There are 2 protein chains.
Amino acid sequence: MAGREGLRPGGRSARVQASVHGAVQALMTRMERGDITIPVIAAEAGVTPSTIYRRWGDIQELLADVAVERLKPDMEPVATGNGREDLLAWAEQYAEEMSSKPGREMIRDVLAAQDGSGAYQCCNFTKQQIEVIAERAKGRGEAFPDVDAIMDRVVSPIMYRILFGEAPDAAHVARLVSGAMELISPALVGEPA
Amino acid sequence: MAGREGLRPGGRSARVQASVHGAVQALMTRMERGDITIPVIAAEAGVTPSTIYRRWGDIQELLADVAVERLKPDMEPVATGNGREDLLAWAEQYAEEMSSKPGREMIRDVLAAQDGSGAYQCCNFTKQQIEVIAERAKGRGEAFPDVDAIMDRVVSPIMYRILFGEAPDAAHVARLVSGAMELISPALVGEPA
DNA sequence: GGCATAAAAGCAAATAATTTGCGTTTATGC
DNA sequence: GCATAAACGCAAATTATTTGCTTTTATGCC
């Protein structure tokens, strides 16, 4: 990712980065994505365009950088008392957030960047959330599938449908969660009460 | 999709479209994606840049248009004699093609376009291929999962990993296929011989 | 704390891409 | 064939991007 940690976190650079990120987010709320250009962002941020070109290279890298930051989860998955319900609640919220217009735009921005590290980071954010749910379940003595299995059976289908077709509805998400939980007790796991 | 069927399929327009598509594909084999601009494409195609701007709007729409065309399957899935092996063979080839550098670039191009119809088309190409496998299996009296189930259990995880992480290896694809086939005879389906 | 160093930002000129108005070519339907 | 309008070409105007150079300011060292 361009323009992120690694170079000069000190005063001015950090201020410029924050200002540019803020400008992008502000502009997104009031114009179409196609009208947001680097000169426009620079004006909003009170910065000269060449600063943005030199730090981020092009607008796709900048938008991806902002999107990754916004996709970083800001809280732990809600705890309901058992792993299956935790996963279901998390998956429903995830599907809804990612299906929304801003959600889809952020994913698109992340994937459109040349630098693939943003997508990798987003995937890790998701894994970490699931890890929390899995650890909680195991701490209570429940069996819970591998994180990778949840990625394959729950996260991937949700994301695929958002990217390539129509967003999944709640019933479909519930079916995906059931399908994933079958990995624990293949025959015994029925529908939730 | 811009510049495609619907407007004037007749002589000159078709010739321009073909020429531009050909120029894009030719340029992709000999330069970096970042160096391919509309003026460069126009020169290669022997066309004036404003023609491209007017027909496709911007380079992302054009690249998406070309990518969709290239992602259209050019043959039926190979027939091995049973549905499970057909699916496995198809999935392995799909994963390999989509993981390759050109494959990943085409997917990225399709997803980066504003116009979401390209992604939808690609999803349908895949569904049609799976439909062929499913119909063949059913024609032989075999049970076979729904196309949508295959999309969720096999296609989605492959695509997710390509887009967000590392490409899946053959063993993983095989596991995905096994997981999907379990939907038919939950307890009885073992590993392939 | 002050000073040397170099990273990052600003500024402005040069280059390149995009848009647009208008004239010309050429599919398409009658 | 002929009228019509879509699509293209051309060139001027606008806008975005790159680049060389100067100035500001973090950062590390004494």
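All of these numbers come straight from a predicted model, not from anything done at the bench. The chains referred to below are lettered A, B, ... by the order of the sequence lines, with proteins before strands, and numbering in each begins at 1.
In this structure, CG in B:Leu87 is found 10.0 Å from CD in B:Glu92, a value given to the nearest 0.5 Å. Within the model, atoms CG of B:Asp148 and NE2 of A:His172 stand 6.5 Å from one another, a figure rounded to the nearest 0.5 Å.
Pair assignment for C:dC30 gives D:dG1, based on Watson-Crick or G-U wobble hydrogen-bonding distances that are each under 3.5 Å.
Between A:Gln17 atom CD and D:dA26 atom P there is a gap of 15 Å when expressed in whole angstrom units. Atom P of nucleotide C:dA16 and atom CD1 of B:Ile59 are separated by 16 Å, given to the nearest angstrom. Rounded to an integer number of Å, the gap from B:Trp56 CH2 to D:dC8 C1' is 12 Å. Residue B:Arg55 contributes atom CZ, which lies 13 Å from atom P of C:dA27 at whole-angstrom precision.
Look at B:Arg15 and you'll find a side-chain N or O under 4.0 angstrom from OP1 or OP2 of C:dA27. Taking side-chain N and O atoms only, A:Ser13 has no distance below 4.0 Å to OP1 or OP2 of C:dA8.
Side-chain N/O atoms of A:Arg54 and base N/O atoms of D:dT18 include no donor-acceptor pair closer than 3.5 Å. Between the side chain of B:Arg12 and the base of D:dA7 there is at least one donor-acceptor pair of N/O atoms closer than 3.5 Å.
Near DNA chain C, meaning a heavy atom under 4.0 Å from it, residues 24-50 of chain A has A:Val47, A:Thr48, A:Ser50 in order of number.
Using a 4.0 Å cut-off between a side-chain N of Lys or Arg and a carboxylate O of Asp or Glu, A:Lys127 and A:Glu131 do not qualify as a salt bridge.
Residues B:Tyr120 and B:Phe125 do not share a hydrophobic cluster, defined by chaining ILVMFWY side chains whose heavy atoms lie under 4.5 Å apart.
The environment of B:Gln25 atom CD is dense: over 12 non-hydrogen atoms of other residues, nucleotides or ligands sit within 6.0 angstrom.
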One pair to check against side chain to side chain donor-acceptor pair (under 3.5 Å): B:Gln114 and A:Arg33. What are the steps and the verdict? CA-CA 9 Å; B:Gln114 280 302 115; A:Arg33 151 72 95 297; 5.3 Å; no
